[in-house]
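Lettering follows sequence order; numbering is per chain, from 1. All figures in this text were calculated on a predicted structure; none of them were measured in a lab.
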Amino acid sequence: MLVNHLCKAHRVDDALDMLKKMKEGSDGISIKPDVVLYNTLIDGLCKVGRQEEGFLLMEQMKSEHNCAPNVVTYNCLIDGFCKSGEIERAHELFDQMNKENIVPNVITINTLVDGMCRNGRISNAMEFFRKMQEEKGIKGNAVTFSTLISAFCNVNNIDRAMRLFDEMESLGSPDALAYYSLISGLTLAGRPDDAAFIASKMKKYGFLPDLLTYNTLIGGFCRKKKLDKAVEILKDMEDSKIKPDSVTYNTLISYFTQNGDFETAHKFLKQMVKDGNAPTVVTYGTLIHGHCLAGNLDEGLNLFEEMLRTSKVVPNNVIYNILIDSLCKCGKVDDALSLMDGMLEKGVRPNTTTYNAMLKGLSSRNRLKDASRLMNQMTTQACNPDYITMEILNDWFSAIGEVDKLKQFVQGFQVSSSAA
DNA sequence: TTAGGGTTAG
């Protein structure tokens with residue numbers, strides 16, 4: 001218990017110290033370490049990226065009495081090497097355990113499958129799983145299928161994910177997480193209707209979608225501008241006694257305001273507060289953005305002031321970026337610059353998006369001096385320019401024959417990032 | 001003692 005808790009708290013050296021003391025018999029302790037204790041330590045080492053030491057500890061346990069490594073020992077090490085991207089080493093350990101007649105279990109397989117998937121080797125993972133089904137009779141469980149389903153969804157191969165899902169259902173092993181994997185994948189692929197169908201199937205088989213599953217579905221319908229469907233899901237959610245949270249409401253408020261429907265958005269805002277969820281920085285950001293999009297910049301600025309005055313919500317760079325961008329787009333570049341000063345005063349760090357908005361605004365007014373100042377600021381703060389920054393500056397500086405300024409900027413950035 | 005997940009604003 002002590003060693004386990006030290007390891008889980010990442011205090012692996014303290015845990016190793018206990019092993020040493022146990023072996024020396026100091027502190028009046030004379031208890032022989034056993035295989036579970038060694039496994040705990042090896043897992044602890046692997047979880048903090050010290051898998052090589054874990055491997056050496058396994059060699060050490062072999063020389064002890066009654067401490068031969070078992071399948072858990074190997075599973076911990078295989079996971080350690082997988083998580084550090086050393087898939088080859090993980091496979092070597094797998095071969096080694098087979099040679100030592102230690103029989104791999106479904107956790108061994110799942111660990112390797114996950115390791116391969118995370119390192120972009122999904123077809124290898126699939127092959128390996130099939131081979132294990134044939135050779136070792138390991139049929140796989142909900143974890144195996146969820147891992148593979150998520151991996152195929154991540155590379156947008158929804159058909160393969162769906163086929164695996166059907167296979168899992170025919171084996172009778174899905175769990176709530178497996179359903180979630182597919183629901184999330186279908187939503188990301190822009191197929192909320194299919195995702196909702198899987199959710200209804202999930203309910204039919206006795207698994208209740210949880211808050212995050214519902215939020216995922218509502219977000220999926222909103223992104224496809226199917227707001228009626230999103231509201232249907234909200235109703236379904238409330239019927240299932242799952243309480244919507246601020247994320248649920250923020251999502252709905254965001255898309256209704258983007259759609260220009262402030263009336264419905266405010267209805268949700270009221271409901272949100274009535275439910276005990278105070279508006280968050282995202283709620284304000286969403287509404288401010290909505291006003292800006294609808295061409296009511298003043299309304300957005302008023303709401304921002306109101307937020308500072310009446311709420312405990314601390315503004316972040318997203319809120320400032322929305323306002324700075326809108327001010328620049330309306331030609332109010334000086335107001336944007338002073339808002340950026342206010343941002344710095346409040347200790348909110350500008351990021352690349354802030355600079356991009358500001359530089360774009362400055363370029364429309366050909367304010368070269370201010371741009372140079374901001375570019376220096378970016379360099380000293382090691383704030384990476386992205387392709388948008390480069391596009392803005394390249395268009396502007398080549399039009400006015402100042403390409404050298406851009407070259408200097410890029411060089412300055414390289415120097416500052418190597419110094420950092 | 002060991003394996004799989006996550007939602008909202010620019």
| said: Considering only residues two or more places apart or on different chains, which pairs with a residue in residues 326-350 of chain A satisfy ring-ring contact (aromatic ring centres under 6.0 Å, His included)? | reply: none

| task | Using whole Å, report how far CE of A:M58 lies from P of B:dT1. | result | 20 Å

| request: Answer yes or no: does a side-chain N or O of A:K47 lie under 4.0 Å from OP1 or OP2 of B:dT1? | output: no

| query | Expressed in angstrom and rounded to an integer, what is the separation of A:R118 atom CZ from B:dA3 atom P? | reply | 11 Å

| remark: Within residues 174-194 of chain A, those residues having any heavy atom closer than 4.0 Å to DNA chain B are A:D175, A:L177, A:A178, A:Y180

| message | Just checking A:F81 against A:H91, ring centres under 6.0 Å apart? | response | no

| task | Examine distances only and state if a side-chain atom of A:N351 and a backbone atom of A:T353 form a donor-acceptor pair shorter than 3.5 Å. | result | yes

| query | Reckon A:D43 touches a base, only the sugar-phosphate, or nothing at all at heavy-atom distances under 4.0 Å? | reply | sugar-phosphate

| Over how many whole Å does the gap from A:N105 atom CG to B:dG4 atom P extend? | 14 Å

| Please, which pairs that meet ring-ring contact (aromatic ring centres under 6.0 Å, His included) have at least one residue in residues 30-77 of chain A, sequence neighbours excluded? | none

| query | In residues 276-294 of chain A, which ones come under 4.0 Å of DNA chain B, going by heavy atoms? | reply | A:V281, A:V282, A:G285, A:T286, A:H289

| request: Mark yes or no for a side-chain to base donor-acceptor pair under 3.5 Å between A:T147 and B:dG4, with no hydrogen or angle criteria applied. | output: no

| said: Listing request: all ring-ring contact (aromatic ring centres under 6.0 Å, His included) pairs with a residue in residues 197-227 of chain A, at least two apart in sequence or in separate chains. | reply: A:Y179-A:F207

| request: With a 4.0 Å heavy-atom cut-off, tell me which residues in residues 120-129 of chain A come close to DNA chain B, sorted by residue number. | output: none

| query | So what does A:N351 hit on the nucleic acid, given a heavy-atom distance under 4.0 Å: a base, only sugar-phosphate, or nothing? | reply | base

| Sequence neighbours excluded, every pair satisfying ring-ring contact (aromatic ring centres under 6.0 Å, His included) that has a member inside residues 267-313 of chain A | A:F256-A:F268, A:F262-A:H291, A:F304-A:Y320

| remark: When rounded to whole Å, the CG to C1' distance for the pair A:L112 and B:dG4 reads 14 Å

| message | Within residues 80-100 of chain A, which residues have any heavy atom lying less than 4.0 Å from an atom of DNA chain B? | response | A:K83

| query | Listed by chain and number, what are the ring pair (Phe, Tyr, Trp, His ring centres under 6.0 Å) partners of A:F145, not counting sequence neighbours? | reply | A:F129

| query | For the pair made of CD1 in A:I78 and P in B:dG4, what is the distance, rounded to whole Å? | reply | 14 Å

| Partners of A:R365 by side chain to side chain contact (heavy atoms under 4.5 Å, CB included), sequence neighbours excluded? | A:V333, A:R367

| field | Partners passing side-chain hydrogen bond (donor to acceptor under 3.5 Å, both in side chains) against A:N98 (at least two apart in sequence or in another chain) | value | A:K136

| Crowding at CD, A:E59 (>12 non-hydrogen neighbours, <6.0 Å) | yes

| task | Would you mind listing every side-chain hydrogen bond (donor to acceptor under 3.5 Å, both in side chains) that reaches into residues 223-233 of chain A, with sequence neighbours excluded? | result | A:D193-A:K226

| request: Verify the neighbour count for atom NZ of A:K62: are there more than 12 heavy atoms of other residues, nucleotides or ligands below 6.0 Å? | output: yes

| said: Under 4.0 Å, heavy atoms only, any strand: does A:A357 hit a base, just the sugar-phosphate, or nothing? | reply: nothing

| Presence of salt bridge, A:K47 and A:E53, under 4.0 angstrom | no

| query | Atom CG of A:L77 to atom C1' of B:dT1: distance rounded to whole Å? | reply | 12 Å

| Roughly, in whole Å, what's the span from CG in A:L252 to C1' in B:dT8? | 10 Å

| note | Rounded to whole Å, the CE-P distance (A:M168 to B:dG4) equals 17 Å

| request: Assign A:D210 to base, sugar-phosphate, or nothing according to its heavy-atom contacts below 4.0 angstrom with the strands shown. | output: base

